[in-house]
Amino acid sequence: NKKKIEYKQVDEFTLSSIQDMIHPWMSKQGFSIKTCQHFGIGYGIHGVLNGRITFPIDAPNGQIISVSGRMPDYEKLEVPKYYIIGHSQVKNTLWNYSRIDKNPSEVFVVEGFKSVMMLYQHGYKNSVAAIGASLSMEQKNLLLKLACNITVICDNDQVGEQFGQAVYNQCHLFTNVRVIKLSDITDKPKASVDDLDFEEWKELNKEIGNDLY
């Protein structure tokens, strides 16, 4: 028998440390206020999330089970880039899973939050992130539960392409899986979906099969 995953909501103290504010850094990254609001992006005002842009991590049922805080000037401040509360729950979910269509024909899989957000902003709403460069058994099961085609978009580095191959290896026996490599689209090292310029987006749309862009 499969053990049922129990999702635990983030405590109220953590949620109360987050302000409903869009940091200017998100705008510089190319995200609209509307996109940030859709994903519930906020800003930490005290505690371990103080000064960090917050990405609430949803369980499949929509509960916020974890929060990832991204420090805009982490290099200058010499602090970790991300700080995750509820880290142990991350591999039991896929980011944005609760918001996608219940019966999609295709789902896009990427590594990180910002890639999902940029795909959404370009019209690809059925996108999820593994929150890292690996796919757990629980995440694989969530993908296959959708019973739809899977398209993995790999970051332009070795780790990204290994991630794409791993998703393919785990899922291709059960559904149609295709892998799109950003190394075929951009020369920018380590580029993710959110790093692409207008011309590169045109190329990605062609790879996806959307010629109307």
Side-chain angles (χ1 to χ4, degrees), residues 22-41 43 53-55 57 68 70-76 81-82 94-97 99-101 104-135 139 143 146 148-169 171-172 175-213:
I22 310 302
H23 193 279
W25 185 84
M26 293 300 288
S27 177
K28 289 179 183 176
Q29 300 297 303
F31 297 108
S32 68
I33 290 175
K34 185 178 178 182
T35 295
C36 291
Q37 289 174 335
H38 175 80
F39 290 97
I41 308 305
Y43 186 70
I53 296 160
T54 57
F55 298 81
I57 297 171
S68 180
R70 207 276 192 195
M71 186 64 77
D73 299 318
Y74 72 97
E75 291 171 311
K76 187 193 298 182
K81 186 176 182 179
Y82 283 97
L94 289 159
W95 197 65
N96 195 46
Y97 193 89
R99 297 184 190 89
I100 64 175
D101 293 343
S105 59
E106 180 178 27
V107 65
F108 296 91
V109 183
V110 291
E111 291 181 40
F113 311 123
K114 293 193 295 159
S115 291
V116 168
M117 292 175 68
M118 196 57 78
L119 281 164
Y120 171 84
Q121 199 161 279
H122 282 258
Y124 299 105
K125 297 182 179 180
N126 293 323
S127 305
V128 296
I131 320 173
S134 62
L135 191 76
Q139 290 174 326
L143 282 177
L146 296 171
C148 68
N149 296 326
I150 296 171
T151 295
V152 194
I153 304 178
C154 306
D155 288 359
N156 185 19
D157 58 15
Q158 186 178 2
V159 172
E161 296 195 2
Q162 287 172 344
F163 170 67
Q165 188 63 53
V167 176
Y168 179 84
N169 291 346
C171 300
H172 81 282
T175 190
N176 182 48
V177 182
R178 63 173 173 164
V179 178
I180 295 176
K181 298 179 181 180
L182 290 188
S183 58
D184 295 331
I185 293 169
T186 181
D187 294 326
K188 297 170 187 167
K190 298 186 177 181
S192 301
V193 169
D194 50 292
D195 296 311
L196 303 182
D197 61 26
F198 180 77
E199 291 300 321
E200 290 164 342
W201 262 103
K202 286 171 69 174
E203 288 302 312
L204 177 57
N205 275 278
K206 287 179 185 175
E207 287 284 332
I208 289 172
N210 180 5
D211 295 326
L212 299 177
Y213 186 76

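FYI, the numbering just counts along the sequence from 1.
- Between Arg178 and Glu207 there is no salt bridge, since none of the side-chain N atoms of the basic residue sits less than 4.0 Å from a carboxylate O of the acidic one.
- Contact annotation: the side chain of Val193 never approaches that of Phe108 to less than 4.5 Å [non-hydrogen atoms, C-beta and beyond].
- Expressed to the nearest 0.5 Å, how far NZ of Lys206 lies from CD1 of Ile180 amounts to 13.5 Å.
- Inter-residue side-chain proximity for Leu146 and Ile100 is flagged as met; some heavy-atom pair is nearer than 4.5 Å.
- To the nearest 0.5 Å, the span separating CZ on Phe113 from CZ on Phe31 amounts to 12.0 Å.
- Residues passing the ring pair (Phe, Tyr, Trp, His ring centres under 6.0 Å) test with Tyr168 are His172, sequence neighbours excluded.
- More than 12 non-hydrogen atoms from other residues, nucleotides or ligands lie less than 6.0 angstrom from NZ of Lys188.
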- Would Tyr124 and Asn205 count as a side-chain contact (heavy atoms from CB on, under 4.5 Å) if you check the C-alpha gap in whole Å, the side-chain angles of each, and the deciding distance to 0.1 Å? CA-CA 10 Å; Tyr124 299 105; Asn205 275 278; 2.4 Å; yes

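- Gln158 CD: 12 or fewer foreign heavy atoms inside a 6.0 Å radius.
- Across every non-hydrogen atom of Glu200 and Asp195, the tightest pair is OE1-O, 4.1 Å.
- The aromatic rings of Trp201 and His122 sit parallel, their planes meeting at an angle under 30°, below the 60° perpendicular limit.
- Interatomic distance, OG of Ser127 versus CE of Met118, reported as 12.0 Å (0.5 Å rounding).
- Val179 is listed as a side-chain neighbour of Cys154, based on a closest heavy-atom distance under 4.5 Å.
- Residue Cys148 holds its SG atom at 9.5 Å from CG of Asp101, rounded to the nearest 0.5 Å.
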- Message: Walk me through whether Ile41 and Phe55 qualify under side-chain contact (heavy atoms from CB on, under 4.5 Å).
- Response: CA-CA 5 Å; Ile41 308 305; Phe55 298 81; 3.5 Å; yes

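- Counting heavy atoms from C-beta on, the side chains of Asp155 and Phe163 never come closer than 4.5 Å.
- Atom OG1 in Thr186 sits 7.0 Å away from atom CG in Asp197 (nearest 0.5 Å).
- Atoms OG1 and OH, from Thr54 and Tyr43 in turn, are 10.0 Å apart once rounded to the nearest 0.5 Å.
- At least one donor-acceptor pair closer than 3.5 Å links the side chain of Gln139 to the backbone N or O of Ala130.
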- Evaluate the side-chain contact (heavy atoms from CB on, under 4.5 Å) criterion for residues Lys114 and Ser192: first the C-alpha distance (whole Å), next the side-chain angles of each, then the deciding distance (0.1 Å), finally the verdict. CA-CA 9 Å; Lys114 293 193 295 159; Ser192 301; over 6 Å; no

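- In this structure, Phe39 and Tyr120 have perpendicular ring planes: the angle between them is above 60°, well past the 30° mark.
- Side-chain contact between Met117 and Gln29 is absent, with no heavy atoms from C-beta onward closer than 4.5 Å.
- Within the 3.5 Å criterion, the main-chain N or O of Ser32 finds a donor-acceptor partner in the side chain of Gln121.
- The one candidate from Val177, Ile150, Thr175 that meets the side chain to side chain contact (heavy atoms under 4.5 Å, CB included) condition with Leu143 is Ile150.
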